[in-house]
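Nothing fancy with the numbering, it's 1 onward along the sequence.
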Amino acid sequence: MSRERRGKKLKPRIFFLVEGKTEKNFFDMLAQKYRLTGARTVRVLDCQGNDFVDKAKNKLKNSQLKPDKKTKVFIVFDNDGKLSDTDSEGKNNIHNLFKKAQQIEGIESCSLVISNYCFEVWLLAHFKTMTAGFKNLTSLKKELSQFLGETYVKGNSSQIEKILNDDRVLKAIKNTNTISSIKCEEQSTNIGVIVQDIIK
């Protein structure tokens, strides 16, 4: 039950259901930095398969998370070539996944948080404006390494902390504004949209 304490409304419960270690470390640190006391990050997707909504739904049913009608759920994953804007054999139609997520019952809302092609698109946005032109993972890692002053390593918590320093996440929101609509044929990420909403 949502109560007010000393005139301040309690923050909503937020579950980040993520795919990998890098995403888990990022959202754990984001929650800590911006005092998202009701936030919890759970690694559930383990980079296998491509129906992320079903995996998240099962986790919400068969776990000790105990979501309720005031819980906002964010399913965070990379496209990695598993999604398509149209029906395509061996790939999930992204529009169908968005609809499926909205139909999950027993929670306030469920949103898909996607990076195309990978999460490093979002991380690099903390330092520079991102465009729709694809960069491969090697290029993204190289640029991140240059900005960090050391070789970028996926999942490295001290590097994630460095990326989040100086409220750079606000810059990342701005730097991904033009690529915030998810398109499978272009570099895109909607992480900035949801981060802006939850840290305000």
Legend entry - Closest contact, heavy atoms only, C110 versus I75: SG-CD1, 3.5 Å

Inset, instruction - Please name all residues satisfying salt bridge (charged side-chain N to carboxylate O under 4.0 Å, His left out) with E143, sequence neighbours left out, ordered by chain then number. - result: K128, K135

Legend entry - Non-neighbouring partners of S139 that pass side-chain hydrogen bond (donor to acceptor under 3.5 Å, both in side chains), sequence neighbours left out: N136

Legend entry - Stepwise ring pair (Phe, Tyr, Trp, His ring centres under 6.0 Å) test for F27 and F74: CA-CA 11 Å; F27 284 103; F74 298 98; 8.2 Å; no

Inset, instruction - Output all residues satisfying ring-ring contact (aromatic ring centres under 6.0 Å, His included) with F15, sequence neighbours left out; order by chain, then residue number. - result: none

Legend entry - With L137 via side chain to side chain contact (heavy atoms under 4.5 Å, CB included) - residues at least two apart: C118, E120, K141

Inset, instruction - Would you please name every residue forming a salt bridge (charged side-chain N to carboxylate O under 4.0 Å, His left out) with K100, sequence neighbours left out? - result: D51, D54

Legend entry - Nearest heavy atoms of P67 and R13, plus distance in Å: CA-NH1, 3.9 Å

Legend entry - Partner set under side chain to side chain contact (heavy atoms under 4.5 Å, CB included) for T151, not counting sequence neighbours: S145

Inset, instruction - Taking all non-hydrogen atoms of both residues into account, name the closest pair between D78 and F119 and its distance. - result: OD1-N, 3.0 Å

Inset, instruction - Would you give the length of the straight line joining atom CG of N116 to atom OG of S181, rounded to the nearest 0.5 angstrom? - result: 12.5 Å

Legend entry - E161 atom CD, neighbour heavy-atom count above 12 within 6.0 Å: no

Legend entry - Closest approach of T189 to S115 (non-hydrogen atoms, all atoms of both residues): OG1-OG, 3.1 Å

Legend entry - NZ (K33) with more than 12 external heavy atoms under 6.0 Å: yes

Inset, instruction - Working to the nearest 0.5 Å, report the span between CG of N79 and CD of E185. - result: 9.0 Å

Legend entry - K57 side, atom NZ; E105 side, atom CD - distance, nearest 0.5 Å: 7.5 Å

Inset, instruction - Verify, without hydrogens or angle tests, whether E23 (side chain) and G20 (backbone) share a donor-acceptor contact under 3.5 angstrom. - result: yes

Legend entry - side-chain hydrogen bond (donor to acceptor under 3.5 Å, both in side chains) against N96, all qualifying residues, sequence neighbours excluded: none

Inset, instruction - Verify the neighbour count for atom CD of Q32: are there more than 12 heavy atoms of other residues, nucleotides or ligands below 6.0 Å? - result: no

Legend entry - Residues which pass side-chain hydrogen bond (donor to acceptor under 3.5 Å, both in side chains) with S188, listed by chain and number, not counting sequence neighbours: none

Legend entry - Verify same cluster id: I104, L97 (apolar side-chain graph, 4.5 Å): yes

Inset, instruction - Please go through Y117's hydrophobic cluster and name the other residues, only I, L, V, M, F, W, Y counting, with side-chain heavy atoms under 4.5 Å joining them. - result: F134

Going by atom type alone, with no hydrogens or angles, which donor-acceptor pairs under 3.5 Å involve a side-chain atom of residues 163-172 and a protein atom two or more places apart or on another chain?
{"from": "D167", "atom 1": "OD1", "to": "Y34", "atom 2": "OH", "distance (Å)": "2.6"}
{"from": "R168", "atom 1": "NH1", "to": "K162", "atom 2": "O", "distance (Å)": "2.6"}
{"from": "K171", "atom 1": "NZ", "to": "F127", "atom 2": "O", "distance (Å)": "3.4"}

Inset, instruction - Return the set of residues passing side-chain hydrogen bond (donor to acceptor under 3.5 Å, both in side chains) with S180 (not counting sequence neighbours), or none when no residue passes. - result: none

Legend entry - Which residues share a side chain to side chain contact (heavy atoms under 4.5 Å, CB included) with K24, sequence neighbours left out: V18, D28, T41, R43

Legend entry - Value rounded to 0.5 Å, distance of CG in L124 from OG1 in T176: 11.0 Å

Legend entry - Approximate separation, where rounding is to 0.5 Å, of T71 OG1 and L65 CG: 9.0 Å

Legend entry - Side chain proximity check, V113 to F16, heavy atoms < 4.5 angstrom: no

